[in-house]
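Notes follow the structure.
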2 protein chains.
Amino acid sequence: MKRSTIQDSMFPGCPVRNILARLCDKWALLVIYILDRSGKENMRFMELKQQMPDISQRMLSMTLRTLEEDGYITRTIFSEIPPRVEYALTERAKSLKPILDSLLQWSFEHMDDIMSDRKKTVSVND
Amino acid sequence: MKRSTIQDSMFPGCPVRNILARLCDKWALLVIYILDRSGKENMRFMELKQQMPDISQRMLSMTLRTLEEDGYITRTIFSEIPPRVEYALTERAKSLKPILDSLLQWSFEHMDDIMSDRKKTVSVND
DNA sequence: CCGAATCCGTAAAGATACTG
DNA sequence: CAGTATCTTTACGGATTCGG
């Protein structure tokens with residue numbers, strides 16, 4: 001995936017934007033959300049995939065690796081046949097939850113306004 | 001720019017991920033941050049550019065349009081020569097501030113851990 | 001001159017198809 | 001089952017041009 005780092009000379013490697021950029025890609029937040037609300041302690045690759053019908057296996061795989069790199073999930077490999085890999089949220093991910101919840105609530109309060117604002121400017125010719 | 005919408009069948013047009021994905025691109029948060037801490041009521045294009053030495057004019061222009069589309073900033077054009085365009089945060093952007101601040105604080109508390117976690121896995125050969 | 005729009009190139013993100 | 005190899009699309013940067 002590469003997951004390149006956001007860089008500029010004013011805030012070299014600005015942690016805020018770098019952390020957020022990697023969390024706010026297409027799938028990462030959804031993976032965290034699904035792991036969280038599953039109630040289970042951990043989930044397997046295919047379990048996650050079933051909860052996300054539209055994600056490709058490749059993107060699920062890469063998203064999980066990135067989340068692991070950043071310490072939001074753990075990845076436990078069982079050397080069995082067929083292979084088994086289990087994913088679980090870390091404390092770091094759980095500590096993010098209250099903030100994500102407040103963002104979620106803000107989004108719900110503003111989503112209609114924002115989406116209709118977007119249409120105003122986008123659909124000049126549509 | 002295209003700024004395509006995040007879509008999946010489970011949460012069609014999920015507002016949280018869509019709102020966050022557009023805010024967490026390479027430059028948007030920095031623009032909001034600079035407008036906010038400037039203290040001024042509004043800023044001109046070149047003023048913003050000077051605060052962001054690494055952004056291209058193209059990306060600044062596009063970022064500002066997207067932020068305007070989503071109602072986070074206003075764009076006021078003065079028909080003068082040379083032309084003048086002023087940008088200001090809206091109430092919507094300001095209402096986001098407390099949440100962004102808590103995210104910022106969380107990022108600062110965790111940045112060292114996250115960045116060192118990343119290095120562990122990334123710099124296998126570097 | 002300021003604030004873009006446009007064209008073009010690169011690299012990263014992401015989808016489709018295949019494998020140990 | 002849990003990924004990788006290959007291909008397409010999008011984001012982003014640089015240079016140039018343009019209308020006021």
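Quick note on labels: first sequence line is chain A, next is B, and so on, each numbered from 1.
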B/Arg65 atom CZ is separated from D/dC12 atom P, nearest whole Å, by 17 Å

Side chains of A/Ser9 and B/Asp54, donor plus acceptor under 3.5 Å | yes

In whole angstroms, the gap separating C1' of C/dA5 from CD1 of B/Ile77 amounts to 14 Å

In the structure I gave you, are the side-chain heavy atoms of B/Phe11 and B/Val16 within less than 4.5 Å of one another anywhere? no

Rounded to whole Å, CD1 of B/Ile6 lies from C1' of D/dT10 at a distance of 13 Å

B/Gln7 CD to C/dG14 P, in whole Å, measures 14 Å

Here the distance between atom P of C/dG14 and atom CZ of B/Arg17, to the nearest Å, is 11 Å

Run A/Arg22 and A/Glu69 through salt bridge (Lys or Arg N to Asp or Glu O under 4.0 Å) and show every step you take. CA-CA 11 Å; A/Arg22 284 171 72 138; A/Glu69 261 184 37; 3.1 Å; yes

From CD1 of A/Ile55 across to P of C/dT16 the rounded distance in Å is 12 Å

When rounded to whole Å, the CZ to C1' distance for the pair A/Arg84 and D/dG3 reads 17 Å

Does some side-chain heavy atom of A/Lys49 sit less than 4.5 Å from a side-chain heavy atom of A/Arg44?
no

**Asked** Mind checking whether B/Asp36 and B/Leu89 have side chains closer than 4.5 Å, heavy atoms only?
**Response** yes

Overall bend of the helix from C/dC1-D/dG20 to C/dG20-D/dC1 (five pairs an end, 10° steps) is 30°

Considering only heavy side-chain atoms of A/Lys26, the closest of C/dA13, C/dG14, D/dG14 is C/dG14

Comparing nearest nucleotides in DNA chain C, the 5'-proximal residue of the pair A/Asp54, A/Gln57 is A/Asp54

Short side-chain N/O contact from A/Arg75 to OP1 or OP2 of D/dA2, under 4.0 Å: no

Nucleotide by nucleotide, nucleotides 15-20 of chain D touches protein heavy atoms under 4.0 Å in the pattern (B base, S sugar-phosphate only, - none) ----BB

Within residues 34-50 of chain B, those residues having any heavy atom closer than 4.0 Å to DNA chain C are B/Arg44, B/Phe45, B/Met46

Start with the C-alpha gap between B/Trp27 and A/Ile6, add the side-chain angles, then the distance that decides, and say whether side chain to side chain contact (heavy atoms under 4.5 Å, CB included) holds.
-> CA-CA 9 Å; B/Trp27 298 111; A/Ile6 291 178; over 6 Å; no

With a 4.5 Å cut-off on side-chain heavy atoms, are A/Leu100 and A/Leu104 touching?
no

* Find out whether A/Met46 and A/Arg84 are in side-chain contact, i.e. whether some heavy atom of one side chain is under 4.5 Å from a heavy atom of the other. => no

Regarding the side chain of B/Ser56, the nearest nucleotide among D/dG13, C/dT16, C/dA5 is D/dG13

Here the distance between atom P of D/dC12 and atom CG of A/Asp8, to the nearest Å, is 13 Å

Of all heavy-atom pairs linking A/Asp70 and A/Arg92, the shortest is O-NH1, 2.6 Å

Nearest heavy-atom contact between A/Pro15 and B/Met111 is CG-SD, 3.3 Å

Classify the side-chain pair B/Gln105/B/Glu109 by whether it contains a donor and acceptor separated by less than 3.5 Å.
yes

Looking at C/dA4, I'd like to know if its phosphate oxygens (OP1 or OP2) sit under 4.0 Å from a side-chain N or O belonging to B/Tyr87. yes

Under 4.5 Å between any side-chain heavy atoms of A/Thr74 and A/Tyr87, yes or no? no

